[in-house]
Amino acid sequence: MTVLLREAIGDRLRHARTNQRRTLREVSRTARVSLGYLSEVERGRKEASSELLAAICDALELPLSELLHHVASDIGAVSQTPDTVPDTVPDGRPVHESGRGKLEGGRVLPTTLSDDLSDLRLQPMLSHRLTSKIGETPKAVVAA
């Protein structure tokens, strides 16, 4: 799974802001960035310039170097995490040929960002979907 840099940066900025219990409006005013644009940056929809990142980090009293260090750690953790759903069953056949439905899951980051349990992240891979053959009796799927 490839993690986009803008998504990792946005996730860390939102994490820093919410840990400080500050609103988007408050941070956008302090950073002199439009509220809509800051929201897009936090959601990983917009690529922030270095000037914009510096302004947001100043507003959050978060050193830019610390932000980038955490982002690098997050990206490294995601690239080292195995998929949660195997592509093959024990006999080596692909899951979709084994008669089982295929559930495409996500990856769980192995480290927490602080002692707060809300820091656990689930990174989606692809859309979650089940496939089955017509006429097959649906089987219960339990997600861990």
Partners passing salt bridge (charged side-chain N to carboxylate O under 4.0 Å, His left out) against R45 (at least two apart in sequence or in another chain):
none

Pairwise distance SG(C57) to CG(L68) - rounded to 0.5 angstrom:
7.0 Å

Counting C-beta onward and ignoring hydrogens, is there a side-chain heavy-atom pair between K46 and R6 closer than 4.5 Å?
no

Who passes side-chain hydrogen bond (donor to acceptor under 3.5 Å, both in side chains) against E47, sequence neighbours left out?
none

Under a 4.5 Å cut-off applied to non-hydrogen side-chain atoms, are S49 and L52 in contact?
yes

side-chain hydrogen bond (donor to acceptor under 3.5 Å, both in side chains) with Q20: which residues, sequence neighbours excluded?
R22

Same cluster for L62 and L5 if Ile/Leu/Val/Met/Phe/Trp/Tyr side chains link at under 4.5 Å?
yes

To the nearest 0.5 Å, tell me how far I56 CD1 sits from L60 CG.
7.5 Å

Do I9 and L64 sit in one hydrophobic cluster, given that two such residues count as connected whenever their side-chain heavy atoms are within less than 4.5 Å of each other, even indirectly?
yes

Identify every side-chain donor-acceptor pair in residues 27-36 under 3.5 Å, counting partners at least two apart or on other chains, and give the distances.
from	atom 1	to	atom 2	distance (Å)
S28	OG	L24	O	3.2
S28	OG	R25	O	2.9
T30	OG1	E26	O	3.0
S34	OG	Y37	N	3.1

Can you confirm whether R43 sits close enough to R14 that some side-chain heavy atom of one is under 4.5 Å from a side-chain heavy atom of the other?
yes

Under the salt bridge (charged side-chain N to carboxylate O under 4.0 Å, His left out) definition, can you give me all pairs with a residue in residues 51-65, not counting sequence neighbours?
none

Name of the residue among R12, H15, H69 meeting side-chain hydrogen bond (donor to acceptor under 3.5 Å, both in side chains) with D74:
R12

Residues in salt bridge (charged side-chain N to carboxylate O under 4.0 Å, His left out) contact with E66, at least two apart in sequence or another chain
none

